[in-house]
Amino acid sequence: MRVSVAGIGSTRFGRHEGATPQALAIAAARDAILDSGIDRGEIGALYLGNFVSGVLTGQEVLAGLVADGLNVQGIPATKVEGACASGGIAFRHAVMAVASGQVRVALAVGVECMTGADTTRVTGALNCAMDNTTDGAAGLTYPGLFGLVWQAHAARHGTGRDDVSAVVVKNKRNGLRNPLASMGATLTVDEVSAARPIADPIRLFDCCGISDGAAAVVVTAADRLSGHPGPRIDILAAAQSSGPARIAGLRDLLSFPATVRAARAAYAQAGLGPGDIDLVELHDCFSVAEIVDSEDLGLVPPGAGGGWAREGRTDIGGTIPINASGGLLAKGHPVGATGLGQIHEVVRQLRGVHPNPVPGAAIGMAHNLGGTGIACTVTILGRADA
Amino acid sequence: MHDPVVELFECAACGHRLSHFAEICPGCLGDALRPVAVPAAAVLESWTLIRRPAPAHAGAGPFAVGVARLAEGGQLVSGRIAGEAEGLGVGSAVTLARDAGGRITIRAAGAG
């Protein structure tokens, strides 16, 4: 069965002083339902992605709270957790619920509230996604993980500060025009290089910001949308994979097997290859992650990610536009919401209503990575009329 | 003088090796993992300096974490870099050990 995106909604990502996760999630879900034009009574299942709400806000049972707030009680309301890939996982479950014929309409929501906690508490909460008997016990943090990745990439491919800074400058610039992004900025390579060190060689602007936010997508059978205005956006692939639970399970620091597997599965589902993708929103939790992810997704040749960024080949208008939204670096990274926020951005591109349009975009990809590469989703969306 | 060794875990049934203890062997799902001493020689694949530690390591100050590849078997292992990290770089010869808590540590080859 062909499954399509019926509606999308998103709060701005950034600081929402005093907001509860359920309030943000309900707001995004309401917007997605209204955008879909589908009566909420038709929603047969709700999947909610969240990662650290219990630790940081003390609030769990978010799926049920959101179902209650939307007055769709009675349907199965399920929270899923896969670290920073929680939102993408929620989306895939909603797609499967419709594709299997179990329900006609499903709602996926992702949410996180993080800014109420200080950086140390957030670091501790995020480290819950690490194997704390090995990598965590060594004192590793997520900035540290990507510091390790960068040093290895530099040693093998010569990826330097200016290559990685080009990612930051591009994404921060893209974020300036995106109302959903709160951390857009005009930065120079020198400013990025001079920022405070966090986990060498990662510096402040290499890190995505601690954020609050929610995003939601309504999915339904494609034939349910006949007669709806605007281009229909079909879900050509919704793939999910798992990967090694710790660094010791990797063969190579320069590749996350979960991304490679999910991308391979997604291309197979869609009957497409990397050359067919017009744009990608990928998981740039740290600047160098964009470089490694783009290589793992097959969009950039192995080892060339840094050079492509520096040469502008990943800009809008380049060979493969990456994170035209500003990505996690400029939008912020409310961890449970990010995966659905990426799909929201891709849908806006394919509908032709994005503030940073990729001209002629017909097929877009979203990539959401969790933990030390323990979970990943890759989604491919396409205009039905393309 | 003997070459240094580091303790890993090996499945008596299938020979699968892990750098961490597990109740069940992921290779054959058996429960016969046992400690095994292997040569501690390794090569540093990467390192980072943690300046903002997680709460579990609060107060430890900046410290280095590395990833090394064992010379025998080629497995990657993460661990705290012990002693003087200066002079270590990607490709440096290092030696693995375990601290009192059983955690892997990495130090320059030949360092005391």
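Every chain is numbered from 1, with letters handed out A, B, ... down the list of sequences. Keep in mind that what you see is a predicted model, and the values were worked out from it rather than measured. When reading the values below, keep in mind they use all heavy atoms of this one structure, side chains included, and skip hydrogens, waters and symmetry mates.
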Which atoms of Arg246(A) come close to chain B, meaning under 4.5 Å heavy atom to heavy atom: side chain ones, backbone ones, both, or neither? side chain

Could you tell me whether the side chain of His57(B) and the main chain of Ala138(A) form a donor-acceptor pair under 3.5 Å? no

Check: Arg52(B) and Thr119(A) side chains under 4.5 Å, non-hydrogen atoms: yes

Measuring heavy-atom distances to chain B, does Asp135(A) have an atom under 4.5 Å in its side chain, in its backbone, in both, or in neither? both

Minimum heavy-atom separation for Ile50(B) and Gly139(A), please, with both atom names. CG1-O, 3.8 Å

Closest non-hydrogen atoms of Ser19(B) and Ala248(A), given as atom of the first, atom of the second and distance, are OG-CB, 3.4 Å

Do Asp200(A) and Arg51(B) have side chains that get closer than 4.5 Å, going by heavy atoms? yes

Among Gly124(A), Pro143(A), Gly144(A), which residue forms the greatest number of heavy-atom pairs with chain B at distances under 4.5 Å? Gly144(A)

Determine whether more than 12 heavy atoms belonging to other residues, nucleotides or ligands lie under 6.0 Å from atom CZ of Arg98(B). yes

If every non-hydrogen atom of Thr48(B) is compared with every non-hydrogen atom of Gly147(A), which pair is closest and at what distance? OG1-CA, 4.1 Å

Check Ser46(B) against Gln151(A) and note the closest heavy-atom contact, atom names and distance. OG-CB, 3.0 Å

Which atom of Leu76(B) lies closest to which atom of Leu253(A), heavy atoms considered: CD1-N, 4.2 Å

Val65(B) and Leu140(A) have their tightest heavy-atom pair at CG1-CD1, 4.0 Å

With rounding to the nearest 0.5 Å, note down the distance linking CG in Leu250(A) to CD in Glu45(B). 10.5 Å

